[in-house]
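Scroll down for the structure; my scribbles are underneath it.
For this chain, numbers begin at 1 and follow the sequence in order.
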Amino acid sequence: MDVAIVTPAIKQLLIGAGKFIQDAATFEQAEERIMNLEESDDQFHKYELVKFVKAEIEECVGPIVDEEIERYNDSTYQNFSDTDTLVTRITDKVTSSQQFVALKEDISKAVHDSVERLVENFEDEFRLVDKEDPPLTPKQRDPCQLSDEESMWSSSYNHERFLFVTIEQVKKNIEHLDKKNNIQTRLAAIKDLLQVTLHEVLTSDESHQREWARLERVIVDALSDQTEPLLQKKALSFISRGFASSHGNSNELYSILITFLYEYFTNKKQPSIKVKNGLDTTKPDFNILLLAFRLMNDFQKIVPNYWVRYPARFLNDVMEKTISLMAISGEAGMSVQPSMHATPTHFLALLDPKAEWFMRWTHGCFSRLPIFTVMKKQKAFLENLVKSILEFVASRRVPFDLVSEASESLASHRGTVGSHQQRFTYTGEELEYIYFVHAISIVGRILMYKQGFQLFPLKVKGYEGEITITKLICSICQLVTNPAGHGLPMRNITAVYEPSMLATDVLKKLSTSESTYQACLCRDQVTSTLLQPILHWLDSSIPDGTLASDATLLNVADILSIMATRSAGRRHILYGEGGDTFSRSRSSPAHCLTEFCKKALNKSLPAVHGQVPKQVAGSYLFLCRHLYNNGEGLQAIYSCDLHSILGQVWNSASKAISTISKGKLSKQEEDNVAWEERLKDNLLNFATTPKGVLLMQQANAMQACVGYMCVRHQRKQQVSSLEKFGYGTIISQIASTPCGILEMKKQGLVSALCQDAWNSLEPGEEFEIPFRPMIWSVDAIDKSTLKPLVNLLHIFSNFTSVFELIGGEKLPVGVKYSFRDKVYSLIDLIDRVVMLNAAKDESKIHFLFHYEQSHVFGLRLLNSLICCLDTLLLMDSQFSVVSTLISSQTAEDISSSGTIIIDSLSMERNHVLARALLIGGPSERVLPQQTLTDSQVHTPTLPLITSTTLPKEYIPNIVGKSSIKQETEISKFLSESKSSKLDASWLEKCKTAFCKSTDGKLDSIKGNVIQDVLERTVVAMSSIKSEALFLDSVSDSETSFKSFKLTTLQELGVTKAVQYGVHLKLLTSTHDSQENLTKLLKHAGFYLKQQQRQVGSHLQSLNSNYVGFDWFAATIFLIMRGSYERSWKLLQSYATLSASAYMWAPRMHRSIHLPANLASSSIPPLLFSSCHNIELLMQVELPLVYSAFRMSGFTASQICQLWLKQCFWNYLDWSEVCSYVTICTLLGVDYQVYMCIAILRHLQQHILHHQQQQNLVIFLREQPIIDFKVGKHLEYMKRLESRYRRTVLADMLNFSKP
């Protein structure tokens, strides 16, 4: 234990305790007061000795205490009824440990040695205040450091006695202090004034105020008397004592200090201080100046803590006095004139290089506006600062090595204040440079606020034109990109006070300022300046000696990375200033950065320059990652093929580390492993978009990236230092693909999320009995279970992903259950909390601690899962979910009166059954509530469902459209053009007539008109080469497709679809309609099977025909009112169109029209193209909705894929479903994207609300889209088409080469 640390701490404690023991009569009393010092001294815990001892105890015995507490938390030690007994046991154990005994001995020895040292040097350590302190020599003290007496922090024990005097005595002392008196009289007067409290002088009495005005003058005169250093120091002591004793009078005291300094620097008789001569602080006159500035700087730093207590006049006075002093000019800055004079800013910069005082003054809104208002009135201060920056950048007169030495010496000096390595002299170059440091710190702070913008532009002496913010920022950027100056060799820069590091720090802070970074940095001139080092590296004609160093490249990457995390900064990097959204240019900053990153990764930079280190390449990859981790950025840089290069480099790095043997790694091997992880991390961030997931999968990195992500997610690590949210979005995007969910299952993430859900419901083996009982919520789903539920829904949102997990699986049979079982999979979770039948599963229910809560959770999970109709069909066909729930519902106790007893479980089951048994839009079915309201406790509005036949209360009567003929533009056009040729010309006319017919009422178009439009449109589009991308070369016969088998899931889907058609009164005969729809699905399935390739895959969904139900074919069947012939003819023609790749989900399943790698990826074009473009447009059109999705961890692509695959069944009414199919066929398949954007815009307020409630995924999956009419939003969709069709449609038609 270091005695050098303990000694000053004990000294501080003794001095602080002096006032508590000074009146003790005996030694025993003094000892007792010392022992009880904690009770009497409010500052006890602030003493360094107390802090030191507490830290040593925490470090030494803290682990022992924690270990004992953990041991006594065990259930075997729960027999302690008295908490004090337990605390006593732990305390005894700790105090008797070897570590504690050793600590006591070490502290005792250190204290003993320290006390002996203090006793031996008592006179030096505890100098009596009554003695006159002779002035210290320069070797004895640092002139920049104030003694206790001279500091504004000096406390009362440094003062002599206080006297209560009359006004006459004050007048007499003031008269004696006048400069006309001799020095002895003046010293005696100032000594007497030091014993008078300021309240005796500063009172409301007029006579006192007049005397104070005289006192101000004589104190200033005393400070200005350079012939008497002792008098000057006593005058400083008077001011510092006033600061310490009374904040209310600080303005007057500060005024004295500023007046003295102002007169000193404006006095023409005063010999000027030439900067070129340097500064020797041991000289008396400089010594006093530094002490005054130190006192001033201390006041500047502390005054923001309490000036809010005083009126605005106090604030304005302090600021005006300060800025007027700092505005004094002596040709300040990096001037080329050798006769430059030192200014107040030079001295203040020496004490506070990075202008901490200004940072504190502008930190709060209360003082920020006043300081900028004062600076606007007195622009000389800012003009001097800006001029120094511009001249430093322009001339770079100080040689690089000298600047480096100045900055390094400054950094070492600032880091060793109070040590023996103190400096007393500064060269002229150092003074000039430190002025620049102070200037750039203040200017950087000004630019962080909008009020600071109003100070620009400036007119600076010696410069033509006005200095704008952009010009100033460009100058600062030059310090980053070329820190050595023009024509000088580049050097690595790492020192804290180096120009490049200072400029980088300023630009990084500006990048994080929400209010001003766009106006400051999002300018082409600024970006061009920052990109110069990168362009030089890409240009082989640039001399190697003038290339930017690694440190310079890293600084530029850091600045641009922070810019790229902001939407405005990212768009500026992507498109430049004023660039069009989604525009691509080879001259854009993003293209330049991506090219440099690619060449740095694969080591293909110009050979004359050599290659950059991995650290630099990784930094620029991290920068590019902030561009491609969203749809807009990926769209802009996709053509640069960065994903391919990154995949290749990662594969090479992965192979390199695979040969490393286990055990202790060498430095090179550790670097290789870290580099491979860094590449893998950046590859993983492609998965924030649907198309990015495909790119990651195509790079064969799915397994490695998912494994890496799972490890970090389970450790609750951040995605990166600049990312606001966790891995939620990436997990959801990956889980939307079968290959992704399968890898997540292998890596244990699916199991971990299932276990989290189970642990939130049931106590497991690791459950520890708490000291206090848990608070159980009365809500069906409380906060502790909501998050696990939401996490499960995020990964089980896609049907094909769910199919990969439970497809073909069976529920456990004959399993012996027990308490504290564990759940490892979705099947286990379904078995334990969903499939619970009170009549048959008594043992399963018995072994649940919280049966009702767990079963409610399972029913809520099931309710959200079956919102996907394919998942509903899968779970009912595979597990007989509906029959199980009905069996449980009928098993409820019935009283003698025939009334069913309703509880929370029956209400939940009733809601799930209603959702499962009836398909329909918002107005086509009635869903019961999941919980009872107060008004429904005795009289429920809807009867319970106890069979597959729904009560009539759940089935609203669907009113058909009026039979009265309503002539519309489209019907009129169709009737007039029956004999017209169906070609591109007819198609354009049809579009025009259709749009005129809608007029916000698209649902007014009758079903027969929709049929006619679809049939004739498909024929017309089949004749257009750009639309008919798929050749119909398949021949079949009725006998051939009859052998095609439908799965049990699809057969159940036929029943559901026909039931829906009958409910809508589109179909009349259930039996005939089922036969026709079955025949249609077999024909379509056989037709598509002949256009599928064989894919050897470990995925269930790829080793067979399309596993889901064909909702598009069923929709066409209902539109054609059950006509098999018309439906098949339309589907056969539709299959040749590009729209079929997105509208008809089974169309691209293992399709030969896709490259082999895409066909085997299990990621359909609907996801990687259509849904990707939905997120792309949402980012631009609906930024609030986009942010809500990112914060929730759920993705818009997941819900939109669900809507589109089942053609909005259950989410929109049938008329809107027909409108959706019609506009996407007639107006273009890109309307699929525009319609989803319109829906999200329609739901914006609901989305924002439910994101705050943390149940966004539940809302979007379970709630229908109420009050959405396609016709009302068609105009908005047309505007989207005019802006984005060139981008969206081109991407959708290019699905074979994503």
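- In this structure, Cys867 and Arg915 have side chains that are in contact, with non-hydrogen atoms separated by less than 4.5 Å.
- Partner of Gln1201 under the side chain to side chain contact (heavy atoms under 4.5 Å, CB included) criterion, out of Pro690, Pro1164, Ser797: Pro1164 alone.
- Using bins of under 30°, 30° to 60° and over 60° for the plane-to-plane angle, the ring pair Trp1111/Phe1109 lands in the perpendicular bin.
- The residues Glu1181 and Arg1283 are annotated as salt-bridged, a charged nitrogen and a carboxylate oxygen being separated by less than 4.0 angstrom.
- Remark: Arg925 fails to qualify as a cation-pi partner of Tyr954 under the 6.0 Å distance and 45° angle criteria applied to the six-membered ring.
- For Gln1232 and Ser1170, the side-chain atoms include at least one donor-acceptor pair closer than 3.5 Å.
- Between His1153 and Phe1030, the ring-plane angle classifies as tilted under the 30° and 60° cut-offs.
- Below 30°, between 30° and 60°, or above 60°: for Phe1112 and Tyr1134 the angle between ring planes is between 30° and 60°, a tilted geometry.
- Ring geometry, Trp986 versus Phe973: the interplanar angle falls from 30° to 60°, so the pair is classed tilted.
- No side-chain donor-acceptor contact under 3.5 Å links Asn798 and Gln1198.
- Inter-residue side-chain proximity for Tyr1231 and Leu1280 is flagged as unmet; no heavy-atom pair is nearer than 4.5 Å.
- Shown here is Lys991, whose NZ atom has more than 12 heavy atoms of other residues, nucleotides or ligands within 6.0 Å.
- A cation-pi arrangement is absent between Lys1082 and Phe1044, since the terminal nitrogen or guanidinium carbon is not both under 6.0 Å from the aromatic centre and inside a 45° cone about the axis.
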> Can Ile1116 and Leu1080 be said to form a side chain to side chain contact (heavy atoms under 4.5 Å, CB included), step by step?
Replying inline: CA-CA 10 Å; Ile1116 296 299; Leu1080 177 66; 5.9 Å; no
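- In this structure, the side chains of Glu1125 and Met1120 stay at 4.5 Å or more apart for every pair of heavy atoms.
- In this model, no donor atom of one side chain and acceptor atom of the other lie less than 3.5 Å apart for His1273 and Tyr1234.
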>> For Leu1166 and Met1143: C-alpha separation, side-chain torsions, deciding distance, then whether side chain to side chain contact (heavy atoms under 4.5 Å, CB included) applies.
In response: CA-CA 8 Å; Leu1166 180 66; Met1143 299 293 293; over 6 Å; no
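- Counting heavy atoms from C-beta outward, Arg1147 and Leu1088 have side chains that approach closer than 4.5 Å.
- Residues Thr800 and Ser1162 are not in side-chain contact: their nearest non-hydrogen atoms beyond the backbone lie 4.5 Å or more apart.
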